[in-house]
Amino acid sequence: MQALKDEIASAIGRLLTERYGQAPERIVVEYPPQTGMGDLASPVAFEMAKRLRKAPRAIAAELAAGLPAIPGVARVEAGGAGYLNVFLDRAAAVRALAREVSTPPAAPSGDKVIVEHTNINPNKAAHIGHLRNAVLGDTLARCLRFFGRRVEVQNYIDDTGVQVADIVIGFRDLLKQGAAEAAAFTGRFDHFCWDLYARVTEMYAARPETRALRQEVLKALEERHGPIAALADVITHRIVNCHLDTMGRIGVRYDLLPWEHDILAFRFWDHAFALLKEKRAIEHVGEGARSGCWVMALEGERFADLKEGEKIIVRSNGTVTYVGKDIAYQLWKFGLLRSDFRYAPFRDGSDGQRVWATTSGPGEAAHPQFGTAARVYNVIDVRQGYLQAIVAEGLRALGHRDQADRSVHFSYEMVALTPASAERLGIPLTDEDRRRPTIEMSGRRGLGVKADDLLDALEAGALAEVEARNADLPAGERGALARAIAVGALRYFMIKYTRNKVLAFDFDEALSFEGESGPYVQYAIVRAAGIFEKMAAAGGPDQEAAARAALEEAFDLPEGEAAEEHWSLVTQVARCRETVEQAVEALELSQIAKYAFALAQRFNSFYHKYPVMKEPDPRWQRARIVVTWLFLAQMRRLVDLIGIPVPSRM
RNA sequence: GCGCCCAUAGCUCAGCUGGAUAGAGCGUCGGACUACGAAUCCGAAGGUCGCAAGUUCGAGUCUUGCUGGGCGCACCA
């Protein structure tokens, strides 16, 4: 559809130039609000009216009469106060759409794109905020792959930070346990750590002197030796496996897990530090409060919130800040570090896909090539916007302006709890809290909704619905349906909101399977598929037959409301690719969700009004089979981009 | 103090590069199932798009100011 829009726009442009010697720089071609106004429309005559001192309606009429034939366009008319309305050749459009939908996505080629997402501290269970991150990142990766890009998904594991230090202290000082005990633990390890982490926070509050334990543990984590490091190793590996399990439940996959301790082990920072010094991007502070630090000077409005006008990259004790490590990591992602990790398989997923990890061990020689991307998306919440800007500025200071521009912070707002949801979790609220729009979650205090718990609740809810409708199915199959529906509900919920809006988590809304939800979209697909199942069982056409019919469809229906309703479903189906392109361009994946829902809505309405199997007139029946198949085939591709599975029945 | 984000129906939210009568879902009220499966469909009520100027043939959308709310501005990550 986009190609046709461009063609129409340039045809209008040529005609305007030819006739009046001028044309607007950009000619808008859009979708009219009503079906009677054509399939595409341009308000270009309004803009030309003032330039030419001529009535817009007259200009539109001249354009309509003067436009040459455009393949795919049946006719062009002037409409309204001066719109140019374009009517498509319906038979040609249906056949073109059938070809598009039958064509498998392009094989990956060209420059690599890295999508970094999830990045959960490996010290506790994932919560619903992490789900928003992972679903956004995973959906972006799926969309990029759909467009034939080479995509590498990375999940950065920060195993040398304060949060890991705290959980290590929990095991060692509160539980008096070491690596062996942590390894022997049975049960949901990440959920256990969720509570233990909160107990550590309580300990710090009750006995502030215990905070000093952190320094010793952090040092051991960086140096990676001794019982502390062994304990940390067990904890972080177990937690990362838990996170992969949780994300695996909703179909999220990774190619590579870069471990922060490997960034240290391979001295990425030393290389980056040398480069930064060489380019004079950072300077040593000789005196004052920051004496002994290395700082990066930052100017301009975007850093106006920086108090000192400079950011500390290396502390006076010689250790590197997070920003410094991230600059090194970003350089590696773009292949600018002239040094690489070693790699080893981390584990193989149930889908047969292998997850790799960096390693300081011997590694495996035969590994895929990692890093060296032309473009990088960092899926990180909006609160880190300023740190991300500093990292990009670091790349610029080193002369890598292009890479800085292609290092995209895919930012999104927080997931918080509505006061009602918080109270349901047993979080004590003050009257002031209750008046607030949202209550922030706190992993540190153990306040929040764990990802697994939400998924469990969704599966239980879905199972109850499945059992009410499909008592005949074996239990295993019912469970599989419930899981698919739960994933659909969750993934839809996580991308339906605009990314820069705080997601106020409400249990009833998240657990809803009706209205604007993933299951609604799934249900429409199941219904469409059901038609072909029933028809084929009765000796009628199956999906393959429908596909063949669509490729040669004449789409010649008697004029009237019914024909318009069939046609408008076709045009809606045709906007898929264009919608996904725009969504990726704007990093506004909610547009894909909204489109999928609107399309499902239109189909459900169509389904109710126009029976396929019972239709006696073969011309109408044929058209309905084709339209239903176009919807089904397109919708399958679309929900796959969002990671929503298609249940066999509902 | 400085910077970023948000404000649209009772509630939760859409509204694409400015374009024809501002749309969904939930909730409320009223209808449609011995079925291509009602997790659905049809209908009704419900909005001075936070306020005020400005740009424009045209503003929910762009500019400026204001009001209210959220977040950020560490030798934490």
Side-chain angles (χ1 to χ4, degrees), chain A residues 26 28 30-34 37 41-43 46-47 49-50 56 79-83 119 121 158 160-163 214 260 289-290 292-293 295 301-308 311-317 319 321-323 325-326 381-387 389 411 413-414 416 418 436-438 440 462 465-466 468-470 485 496-498 500-502 504 506 508-509 512-517 519-520 522-524 526-528 530-535 538 578-579 582-583 585-586 588 590-591 593-594 597-598 601 604-605 607-615 624 628 649-650:
Chain A
R26 204 177 62 250
V28 174
E30 60 196 2
Y31 297 106
Q34 279 176 30
M37 300 163 174
S42 178
F46 293 101
E47 194 166 349
K50 62 172 184 273
Y83 287 90
N119 298 12
N121 277 306
D158 175 9
T160 62
V162 177
Q163 296 216 25
R214 271 184 183 166
E260 184 157 283
R290 301 181 156 199
C293 295
V295 300
E301 201 169 283
R302 61 197 301 196
F303 299 114
D305 52 356
L306 199 64
K307 279 199 178 111
E308 315 289 340
K311 174 74 190 171
I312 291 171
I313 305 297
V314 180
R315 304 183 187 100
S316 54
N317 68 2
T319 57
T321 60
Y322 158 77
V323 172
K325 280 184 267 191
D326 209 22
D381 79 64
V382 67
R383 295 182 303 183
Q384 298 207 36
Y386 136 88
L387 288 177
S411 96
E413 263 290 357
M414 305 303 305
T418 60
R436 292 167 63 87
T438 55
E440 200 182 336
E465 301 282 340
V466 169
R469 284 158 242 251
N470 299 286
I485 291 161
K496 71 185 275 198
Y497 299 100
T498 316
N500 50 12
K501 209 163 235 171
V502 176
D506 178 81
D508 294 331
E509 244 176 274
S512 168
F513 298 143
E514 289 170 9
E516 195 195 336
S517 68
Y520 179 96
Q522 291 173 312
Y523 188 54
V526 168
R527 285 174 134 184
I531 292 175
F532 289 106
E533 233 171 80
K534 278 261 164 77
M535 271 196 304
E578 181 184 342
T579 302
Q582 281 175 8
E585 174 67 25
E588 199 53 86
S590 58
Q591 289 173 3
K594 296 288 175 189
F597 174 67
Q601 220 174 10
N604 272 334
S605 181
Y607 174 93
H608 184 263
K609 196 163 175 184
Y610 300 110
V612 179
M613 289 182 74
K614 279 184 283 184
E615 172 57 44
R624 282 177 204 163
T628 301
R649 45 195 289 201
M650 281 181 80

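Computed from heavy atoms alone, side chains included, the values below leave out hydrogens, waters and symmetry copies. Residue numbers begin at 1 in each chain, while the letters A, B, ... track the order of the sequences.
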Next on the checklist: Whether the side chain of A:Ser316 engages the backbone of A:Cys293 through a donor-acceptor N/O pair (distance < 3.5 Å, no angle test) should be reported.
Outcome noted: no
Checklist entry - Please, what dot-bracket string fits RNA chain B when only Watson-Crick and G-U pairs with both distances under 3.5 Å count, crossing ones use [ ] and pairs to another strand use |? => result (((((((..((((.....[...)))).(((((.......))))).....(((((..]....))))))))))))....
May I ask you to say what [X] touches in the nucleic acid, namely base, sugar-phosphate or nothing, with a heavy-atom cut-off under 4.0 Å?
X        : value
A:Arg436 : sugar-phosphate
A:Glu509 : sugar-phosphate
A:Asn119 : nothing
A:Gln601 : sugar-phosphate
A:Ala416 : nothing
A:Tyr83  : base

Item to check | Flag for A:Glu588-A:Ser590: side-chain donor and acceptor within less than 3.5 Å | outcome: yes
Checklist entry - Roughly how far apart, to the nearest Å, are B:G19 and B:A59 at atom C1'? => result 10 Å
Item to check | Inter-nucleotide C1' distance (B:C49, B:G23), Å rounded | outcome: 12 Å
Residues in salt bridge (Lys or Arg N to Asp or Glu O under 4.0 Å) contact with [X], at least two apart in sequence or another chain:
X        : result
A:Glu440 : A:Arg383
A:Glu413 : none
A:Lys534 : none

Next on the checklist: In this structure, how many angstroms lie between the C1' atom of B:C4 and the CG atom of A:Leu387, rounded?
Outcome noted: 13 Å
Item to check | Nearest-angstrom distance from the residue atom CZ of A:Arg26 to C1' of B:C62 | outcome: 13 Å
Checklist outcome for this item: side-chain contact (heavy atoms from CB on, under 4.5 Å) filter on A:Thr160, not counting sequence neighbours, yields A:Asp158, A:Glu260, A:His261, A:Leu264, A:Lys325
Checklist entry - Quick one: the side chain of A:Arg649 and the base of B:G37, do they pair up donor-acceptor inside 3.5 Å? => result yes
Next on the checklist: Should the side chain of A:Ser316 and the base of B:C75 be counted as holding a donor-acceptor pair, with the cut-off at 3.5 Å?
Outcome noted: yes
Does [X] put a side-chain nitrogen or oxygen below 4.0 Å from OP1 or OP2 of [N]?
X        : N     : result
A:Thr321 : B:A77 : no
A:Asn500 : B:C6  : yes
A:Tyr523 : B:A39 : yes
A:Lys594 : B:G23 : no

Next on the checklist: I'd like to check, for A:Tyr386, whether its ring lies over the base of B:G3 with centroids under 5.5 Å apart and a plane angle smaller than 30°.
Outcome noted: no
Next on the checklist: I want to confirm an ordering. Mapping A:Glu260 and A:Tyr520 to their closest nucleotides on RNA chain B, which one lands closer to the 5' end?
Outcome noted: A:Tyr520
Checklist outcome for this item: Each nucleotide of nucleotides 26-36 of chain B classed B (base within 4.0 Å of a protein heavy atom), S (only sugar-phosphate) or -, in 5' to 3' order, makes S---------B
